[in-house]
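Chain identifiers are assigned alphabetically (A, B, ...) following the order of the sequence lines, protein sequences preceding nucleic acid strands; residue numbering begins at 1 within each chain.
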Amino acid sequence: MTRRNALSPDLKRKLYFDMLLVRRAEERIQSEYHLREMRSPPHLYMGHEAVAAGVCAVLRKDDVVFPYYRSHGWYLAKGGDLDAMMAELFGKETGCSGGWGGSMHLIDLAAGVMGTSAIVGGTISHAAGAALSFRIRGRDSVAVVSFGDGAIEEGVFHETLNFSSLRKLPVIFVCENNLYATNTHIRDRQGRPEIHPHAERFGLPGVLADGNDVVAVHSEAAKAVARARAGAGPTLLEFQTYRIFEHCGINEDHELGYRTLDEVRAWKAKGPLEQGRHLVSEAEIQRMEAEIGARIDRAFAYARSAPFPTSLFAEGAAR
Amino acid sequence: MTRRNALSPDLKRKLYFDMLLVRRAEERIQSEYHLREMRSPPHLYMGHEAVAAGVCAVLRKDDVVFPYYRSHGWYLAKGGDLDAMMAELFGKETGCSGGWGGSMHLIDLAAGVMGTSAIVGGTISHAAGAALSFRIRGRDSVAVVSFGDGAIEEGVFHETLNFSSLRKLPVIFVCENNLYATNTHIRDRQGRPEIHPHAERFGLPGVLADGNDVVAVHSEAAKAVARARAGAGPTLLEFQTYRIFEHCGINEDHELGYRTLDEVRAWKAKGPLEQGRHLVSEAEIQRMEAEIGARIDRAFAYARSAPFPTSLFAEGAAR
Amino acid sequence: MKFREAVRDATLQALESDPTVFLIGVGIIDPRAVWGTLTGALEKFGPDRVVEGPLSENALTGMCVGAASLGMRPVLIHHRIDFVLLTMDQLVNHAAKWRAMFGRQQHVPMVVRAVVGRGWGNGPQHTQSHHALFSHVPGLKAVVPSNPRDAKGLLIAAIEDNDPVVYIEHRWLHEDEADVPTEYFSTPIGRAAVVRRGGDVTLVAAGPMVSESLKAAQALQNAGISAEVIDLRTLRPLDSDTILTSVAKTGRLVVADSDWAPCGIAGEVIARVAEEAFDALKARPVRITWPDSAVPSSQAIEAQFYPGAREIEMAAVQVCEKQKDDFVKSTIKHFEGPF
Amino acid sequence: MKFREAVRDATLQALESDPTVFLIGVGIIDPRAVWGTLTGALEKFGPDRVVEGPLSENALTGMCVGAASLGMRPVLIHHRIDFVLLTMDQLVNHAAKWRAMFGRQQHVPMVVRAVVGRGWGNGPQHTQSHHALFSHVPGLKAVVPSNPRDAKGLLIAAIEDNDPVVYIEHRWLHEDEADVPTEYFSTPIGRAAVVRRGGDVTLVAAGPMVSESLKAAQALQNAGISAEVIDLRTLRPLDSDTILTSVAKTGRLVVADSDWAPCGIAGEVIARVAEEAFDALKARPVRITWPDSAVPSSQAIEAQFYPGAREIEMAAVQVCEKQKDDFVKSTIKHFEGPF
Ligand SMILES: Cc1ncc(C[n+]2csc(CCOP(=O)(O)OP(=O)(O)O)c2C)c(N)n1
Ligand SMILES: Cc1ncc(C[n+]2csc(CCOP(=O)(O)OP(=O)(O)O)c2C)c(N)n1
Ligand SMILES: [Mg+2]
Ligand SMILES: [Mg+2]
């Protein structure tokens with residue numbers, strides 16, 4: 001298992017690198033969005049990076065993830081192709097979804113990134129179905145689904161927990177609790193605003209951890225994945241984190257008044273990159289920045305020069 | 001409050017009478033069903049009588065109940081019209097739903113029996129909506145919904161508990177846990193086959209009681225209703241009970257093999273009328289039997305002689 | 001073989017021949033085995049491939065989408081199609097979108113097998129058809145067998161298909177009997193069948209209305225009208241060619257559908273013919289559908305609800321004016337229906 | 001007044017004039033106030049009548065049924081109509097059945113106000129229309145305003161109506177501006193409007209396709225074709241009379257619908273005309289609808305998805321053969337659309 005001091009240097013680098021890659025890629029999306037080349041609604045992951053990075057670091061290639069629409073982080077951390085992701089945001093034919101999906105619908109089957117949904121809670125049951133298919137086929141792969149604190153208000157969350165527990169399916173439910181659903185606070189939506197207690201009365205473990213501490217995320221994910229792989233059943237992981245920018249779009253939004261600048265600042269101070277800073281040396285960070293910068297330059301160049309899909313009908317639409 | 005020894009003689013008589021009325025009415029349905037005059041699928045309440053009788057005894061006329069399709073007991077205990085119920089089962093124009101609903105869709109608005117649904121879990125959210133309307137209008141009425149142990153597997157149960165707790169709505173959730181959904185045992189359907197623990201993590205109280213002990217039901221219902229009326233919010237009541245006959249229809253069904261005759265016998269032995277026997281004297285029972293028998297005779301005669309609805313289109317259907 | 005036995009035959013053969021096929025649904029391990037359509041399945045294939053579901057139709061549907069997107073072929077079974085309304089988000093927003101939304105890398109080979117109820121006062125919530133809802137949405141397919149042979153062939157075809165298919169099964173037909181090949185075979189999706197040849201009028205129907213149309217055609221023959229009868233079999237994609245070819249010959253069209261008219265399949269057939277074979281039409285096309293009402297429970301008025309052979313026959317006669325007088329002679333005697 | 005301001009106007013006036021009216025929905029207390037359509041509502045009427053809902057669309061819909069069955073008039077608001085698919089069981093199995101199933105003792109005066117998205121790569125799950133689904137089911141009503149005046153009048157009518165009404169609001173129209181009476185008024189449900197008089201061809205449309213049809217009519221005039229334009233306004237119950245009267249005059253019909261064709265409202269209009277005004281038709285009726293596909297995200301192909309004035313115009317010219325040559329002259333110059 002992975003107690004803090006037990007992390008290998010490679011793992012530490014990987015965890016930090018994956019978080020930094022997401023952060024920098026989204027910062028570039030932010031800075032170029034005004035050019036109106038990327039025309040799909042981006043739900044930025046910035047602030048959540050530790051969750052995807054920490055969980056994906058314990059997954060195998062044959063494990064599958066079902067991210068929600070806030071999926072950039074999961075797509076990249078699970079090994080999704082950055083060029084194809086940017087091409088998708090640019091609406092290009094070589095995008096990971098051929099230009100049909102946009103930012104909310106990323107996929108990379110080779111990397112085990114299953115399709116994402118713009119319907120809140122839409123893929124929670126998909127992950128259980130994937131886990132059921134592993135069971136039927138006698139594989140030891142696991143399925144992971146991520147969703148927000150609002151998604152647990154959808155009935156399907158409870159339906160799926162029940163069935164997954166009943167059948168001891170190899171599925172891990174990752175709730176990224178960032179306190180808000182769009183701009184409504186969890187206390188205005190839930191009778192008892194805590195996520196992890198929902199697990200226990202379906203008969204599965206529910207865990208609470210700091211979602212901005214990538215080491216804590218990694219450690220809880222490792223236990224849950226080991227449990228699932230061993231056939232002991234599902235786990236619900238609640239990771240407390242925070243969305244830094246507006247719900248959908250590239251801007252800050254404290255001026256809307258639903259949250260204060262102080263609250264945002266406080267969370268930024270304990271952000272995943274800040275907390276994870278100890279994992280790597282200054283020199284390593286320099287190397288990472290250089291590599292990541294180059295990758296992102298290439299991805300944007302690729303996306304820009306890629307062709308648009310030419311015909312709706314070529315894609316199989318009938319007149 | 002109503003501890004056993006604190007029950008008034010009138011209340012004791014009422015509790016027993018209401019249970020006996022349901023039992024005898026359904027026995028008559030059973031014995032005459034083969035005549036093929038009653039052509040709608042009956043979900044007999046026999047075995048559950050204490051739940052409806054115990055809960056309805058604490059309700060006011062302006063309180064509303066949303067029974068599920070297994071509704072004969074609730075309809076009668078809340079004061080629904082027996083003649084109109086039987087006419088409905090006979091498909092007659094003077095039936096409580098004009099012949100349009102049948103056994104699964106009873107209603108008596110004057111008595112506060114709201115419409116019932118043949119969709120499992122279909123009226124759980126309706127009760128919360130009724131409670132919300134009381135809140136908006138500043139009334140102190142309460143809404144009660146009944147449903148089975150299978151209904152809690154539907155997402156809407158969890159969605160509704162959450163919202164009701166959040167808003168502290170005057171609604172009481174009554175789960176009649178008879179161990180089976182149709183012919184599938186609760187342990188084959190639920191990861192943790194207990195109902196009342198679901199309440200607590202939404203922030204409302206969950207109570208477990210013997211649903212075949214009408215005094216226990218009455219006592220728990222009284223607390224929950226007082227709580228709701230006082231504005232302190234909803235309660236989930238789990239009453240353990242048992243369905244004596246087949247899920248839908250009039251026959252015994254142990255020969256199907258999903259449950260044993262011994263199990264049925266054991267539950268019948270601790271049935272609601274058996275456990276409630278102490279509430280009334282032999283002489284009182286004689287009087288009740290006579291009155292109930294006369295009422296049922298009248299209701300069947302009424303139903304038989306009542307006219308059929310004459311035209312689909314008179315009822316507003318368009319060609 | 002009976003219709004329900006043909007459904008069972010298809011199910012067991014599919015489970016036998018393809019290890020990725022599994023069954024899931026509420027109450028499918030019930031000893032009554034969904035009116036006997038699954039008898040023996042659990043014993044033979046075990047609880048991993050005959051999966052009892054909790055009362056969680058929405059999640060079960062999403063689980064089928066997830067399993068199918070990983071290469072399984074789930075068959076989701078509902079005792080009533082009315083319950084499918086709890087799953088529309090997964091069917092329409094997810095299953096139907098998965099192939100297009102990800103640039104055709106994903107596909108969802110799942111079957112939703114849903115039973116339509118009728119009779120014995122089942123009432124408004126246990127008797128709906130709703131095949132029009134599924135026929136509306138690109139990315140879904142919908143089939144409605146009218147006889148035991150197609151019950152087997154279309155179910156196997158649905159399971160083999162790489163898109164989500166809604167298989168609509170009318171309980172009313174469960175006891176119908178006919179010869180059905182015992183070997184594994186499939187009936188192509190997207191092809192209607194001309195089940196009776198005729199030259200004066202085209203009667204189009206699906207599911208339970210096919211036998212009603214055939215009865216009507218028989219009666220029309222006595223009235224000197226030769227009716228061609230088309231069994232749609234698949235509602236989406238609709239086989240326009242077979243319909244248009246027939247109407248090009250007959251010039252007259254009556255469509256019978258066991259569903260409500262507005263935005264229904266009967267109207268769709270008429271719209272296509274009007275758009276694509278307008279010049280061939282010699283008379284107004286006619287729809288025979290349900291009254292615009294819920295299905296009542298009472299036997300007294302339920303009897304007025306379902307149209308049948310007589311309504312089809314009468315409509316056909318009306319569109320074949322030339323024979324109207326013969327009609328009055330030939331059929332008035334047994335025309336005593338509600339409308 | 002802008003379309004979205006008209007929606008707000010109707011909402012605030014209804015809350016003001018009837019204490020049984022309340023709003024409920026996911027994110028309706030958001031400072032952005034559903035694109036400004038609810039600005040000030042929370043402040044004025046408080047959290048008991050502007051009820052923020054958790055992300056539980058299905059339960060919220062059932063709560064509206066329950067509250068409405070006790071005499072309230074809930075207005076349930078969805079940021080996207082796609083989310084209504086989570087609530088079909090409550091809408092179709094419950095709200096739509098309540099009046100009939102209990103012998104007309106119950107009624108459910110609720111409004112489902114649902115917004116249709118379009119543009120900026122919203123993609124397959126945030127751009128559907130689905131008005132056909134609601135138009136299919138007896139017991140439901142469906143309205144689609146095409147302009148700010150009807151946006152207000154139809155919303156007030158929907159709230160006053162004693163049956164469940166689905167109010168379909170195209171975000172595309174939110175910024176459209178027109179004169180709207182400031183007082184409380186309602187636009188009758190079930191009545192279409194003839195928004196332009198003409199004698200050669202009838203163009204039928206709803207919602208965003210109305211302005212496209214009017215543009216087409218303008219262009220057709222240059223081609224010497226006089227088009228009558230009908231705004232359906234209500235999809236269920238459909239105002240057949242207004243359509244039939246117009247077609248009786250013009251003999252030609254083009255129906256434009258922002259939805260998929262199969263079992264859609266355009267097909268329904270054509271089916272009714274074919275059935276009830278067959279002899280009046282001089283040419284094949286034509287549907288202008290969406291391609292049979294999900295709505296793609298990429299701007300490059302999304303541009304090919306939505307038909308508009310040009311497709312309507314071209315279809316109208318085709319059904320008015322006599323003017324075809326004039327057409328080629330008059331419109332070919334600006335016909336460069338995708339198809
Ligand atoms: C079923 C459904 N309802 C509503 C919406 C609109 N919506 C999109 S994101 C969102 C908030 C979700 O919040 P949460 O689950 O906490 O995830 P977060 O965006 O905070 O990461 C809402 C209400 C939707 N997309 N799907
Ligand atoms: C949504 C839905 N799914 C399935 C059914 C079929 N069905 C009718 S009753 C029933 C069992 C319900 O069991 P429970 O809730 O425990 O109530 P009980 O009948 O035992 O009193 C089922 C599965 C239905 N009517 N509605
Ligand atoms: Mg959130
Ligand atoms: Mg039960």
Checking heavy atoms, do the side chain of D:P296, its backbone, both or neither come under 4.5 Å from chain A?
both
Spell out, as yes or no, whether a donor-acceptor pair under 3.5 Å connects the side chain of D:Q304 to the backbone of A:L312.
yes
I need the A:M38 CE to D:W120 CH2 distance, nearest 0.5 Å.
9.5 Å
Measuring from A:H105:NE2 to D:H126:NE2, what's the distance to the nearest 0.5 Å?
7.5 Å
Does any heavy atom of chain A fall under 4.5 Å from the side chain of D:L86, the backbone, both, or neither of them?
side chain
Does the D:E302 side chain pair with the main chain of A:W100, one donor and one acceptor, at a distance under 3.5 Å?
no
Nearest heavy-atom approach of A:G91 to D:S298 is O-OG, 2.6 Å
Any side-chain donor paired with an acceptor under 3.5 Å for D:E52 and A:T184?
yes
Between A:S103 and chain D, with a heavy-atom cut-off of 4.5 Å, which part of the residue counts as in contact: side chain, backbone, both or neither?
neither
Name the region of A:E255, side chain, backbone, both or neither, that has any atom closer than 4.5 Å to a heavy atom of chain D.
neither
Side-chain heavy atoms of D:Q125 within contact of A:M104, under 4.5 Å:
no
Any idea which heavy atoms bring A:E37 and D:Q299 closest together, and the distance?
O-NE2, 3.5 Å
Picking from A:D188, A:T182, A:I119, A:I152, which has the most non-hydrogen pairs under 4.5 angstrom with chain D?
A:I119
Where A:G150 and D:L55 come nearest, the two heavy atoms and their spacing:
O-CB, 3.6 Å
Checking A:A118 against chain D: side chain, backbone, both or neither under 4.5 Å from a heavy atom?
both
With respect to chain A, which residue among D:G119, D:S297, D:G121 yields the maximal number of heavy-atom pairs within a distance under 4.5 Å?
D:S297
For each of D:A59, D:G123, D:S56, tally heavy-atom pairs with chain A at distances under 4.5 Å, and name the one with the top tally.
D:S56
Can you tell me how far the CD1 atom of D:I29 sits from the NE2 atom of A:H185, to the nearest 0.5 Å?
11.5 Å
Between D:R80 and chain A, with a heavy-atom cut-off of 4.5 Å, which part of the residue counts as in contact: side chain, backbone, both or neither?
neither
Could you tell me the separation between the CG atom of A:N183 and the CZ atom of D:R32, rounded to the nearest 0.5 Å?
6.0 Å
What part of D:N58 is in contact with chain A, defined as an atom under 4.5 angstrom from a non-hydrogen atom: side chain, backbone, both or neither?
neither
